[in-house]
Amino acid sequence: MIELHNSATPNGQKIAIMLEETALPYTLHTYDIFAGDQLTPEFGRINPNHKLPAIVDLDPDDGSGPLNVFESGAILQYLAEKSGKFLPDSGPLRSRAIQWLTWQGACLGPMGGQASHFLRYAPKGQDYAAERYTKELNRLLQVLEKRLSESEYLAGDTYTIADIAVWPGRAASFVMGVDLSMYPSTSRWFQTVAKRPALVSAMQRPELAAPAKYMGRNQKLSPDEWSNMFGEHMHAAVSR
Ligand SMILES: N[C@@H](CCC(=O)N[C@@H](CS)C(=O)NCC(=O)O)C(=O)O
């Protein structure tokens, strides 16, 4: 059994999709990140970085005790190896899947996150930062488009954890006003992946639907919510 500690955001959706795809049994524990549920010492023992998602594998294959895994890319790789699905054991397809998985975690995710912060949350007047991260996000979307114009899926002709990592980001792109129709190959790939029955079941879970309060184009947080997400409460969680 896997415990999935999750928030209704693209990073959390990746892991729920993977668990549905692999049919590994799991329980879902939903956190409200604006309320600061991720900042508790208990959750810090699962993920020292206090971010979601994280999993606890209560029954690792080697018979050792429960294993905590954090960082969505590392979780996807762990679940692929546990289930033997969506990541070949060796060879070029495995290498390309890990390259695109790493690209999502190191480039698309963080740059999209910064673009989202400066466009949607930061006090107005941060034009330099908003412009820098929006341009970088658009550059990365062009990289994605080029890859998908030459390949059916990210790693090649087979669906892998790289596709699972990138697919949920369309919600973030949507709230930032990215028009996916400007990226025809990405749209083609997005529609193909969207029809997968396991993905449909994951995305139909009400706990995975991002609440309206996460989705605004011009976010207004209360002082406590701001502190939990970006301020004193968030920093205090790692200095206790
Ligand atoms: N690189 C991390 C990113 C995790 C992340 O930023 N998670 C967000 C939700 S999508 C979060 O927990 N935010 C709460 C906070 O920053 O306090 C991953 O891929 O798992």
Side-chain angles (χ1 to χ4, degrees), residues 2-19 28-57 67-80 97-122 133 137 140 161-176 202-203 205 207-211 213-216 219 221-240:
I2 308 279
E3 282 177 6
L4 170 56
H5 297 259
N6 212 22
S7 57
T9 58
N11 283 316
Q13 289 164 353
K14 295 172 191 174
I15 310 305
I17 292 168
M18 181 65 175
L19 286 163
L28 187 53
H29 305 257
T30 304
Y31 289 56
D32 180 342
I33 53 178
F34 283 7
D37 294 349
Q38 71 282 18
L39 304 179
T40 65
E42 294 72 32
F43 183 62
R45 284 190 279 279
I46 297 174
N47 182 355
N49 196 33
H50 289 269
K51 306 278 176 192
L52 297 148
I55 62 165
V56 183
D57 182 352
L67 177 70
N68 303 330
V69 189
F70 68 95
E71 280 296 322
S72 59
I75 300 170
L76 288 173
Q77 188 169 346
Y78 179 79
L79 294 174
I98 290 179
Q99 290 168 50
W100 286 102
L101 179 73
T102 305
W103 175 82
Q104 192 287 324
C107 304
L108 186 63
M111 292 300 132
Q114 294 303 327
S116 168
H117 181 83
F118 286 104
L119 288 171
R120 301 170 58 227
Y121 289 92
Y133 289 114
L137 176 62
L140 291 165
I161 53 173
D163 301 290
I164 298 177
V166 174
W167 188 89
R170 95 273 176 243
S173 305
F174 170 73
V175 289
M176 285 181 276
M203 297 304 291
R205 289 196 66 148
E207 307 93 321
L208 288 181
K213 67 178 180 176
Y214 290 179
M215 300 295 284
Q219 292 287 68
L221 269 52
S222 72
D224 261 358
E225 289 173 334
W226 183 270
S227 185
N228 291 333
M229 291 290 290
F230 309 118
E232 206 180 312
H233 293 170
M234 186 194 76
H235 289 281
V238 296
S239 60
R240 281 194 268 263

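When a ligand or atom number is given, it counts from 1 through the structure's own listing order. Given the structure is predicted, the values throughout are model-derived calculations rather than measurements.
- The nearest heavy-atom contact from the protein to atom 1 (N) of ligand 1 is E71 OE1, 2.8 Å.
- Under the side chain to side chain contact (heavy atoms under 4.5 Å, CB included) rule, V56 has a single partner from I2, L67, N68, which is N68.
- For the pair S72 and ligand 1, the shortest N or O to N or O distance falls below 3.5 Å.
- The local environment of CD in E207 is crowded, with over 12 non-hydrogen atoms from other residues, nucleotides or ligands closer than 6.0 Å.
- In this structure, K14 does not pair ionically with D163, as no charged nitrogen and carboxylate oxygen lie closer than 4.0 Å.
- The distance criterion of under 3.5 Å between nitrogen or oxygen atoms is met by K51 with respect to ligand 1.
- The closest side-chain donor-acceptor pair between N6 and Y31, if any, does not fall under 3.5 angstrom.
- Considering both main-chain and side-chain atoms, L52 comes within under 3.5 Å of ligand 1 through a nitrogen or oxygen pair.
- In terms of protein heavy-atom proximity, atom 3 (C) of ligand 1 is closest to N11 ND2, 3.7 Å.
- Two rings, from Y133 and H117, have their centers 6.0 Å or more apart.
- Once rounded to the nearest 0.5 Å, the distance linking CG of L28 with CZ of R205 reads 4.5 Å.
- Within the structure, ligand 1 has P53 among the residues with a heavy atom less than 4.0 angstrom away.
- Considering both main-chain and side-chain atoms, Q38 comes within under 3.5 Å of ligand 1 through a nitrogen or oxygen pair.
- For the pair T9 and ligand 1, the shortest N or O to N or O distance does not fall below 3.5 Å.
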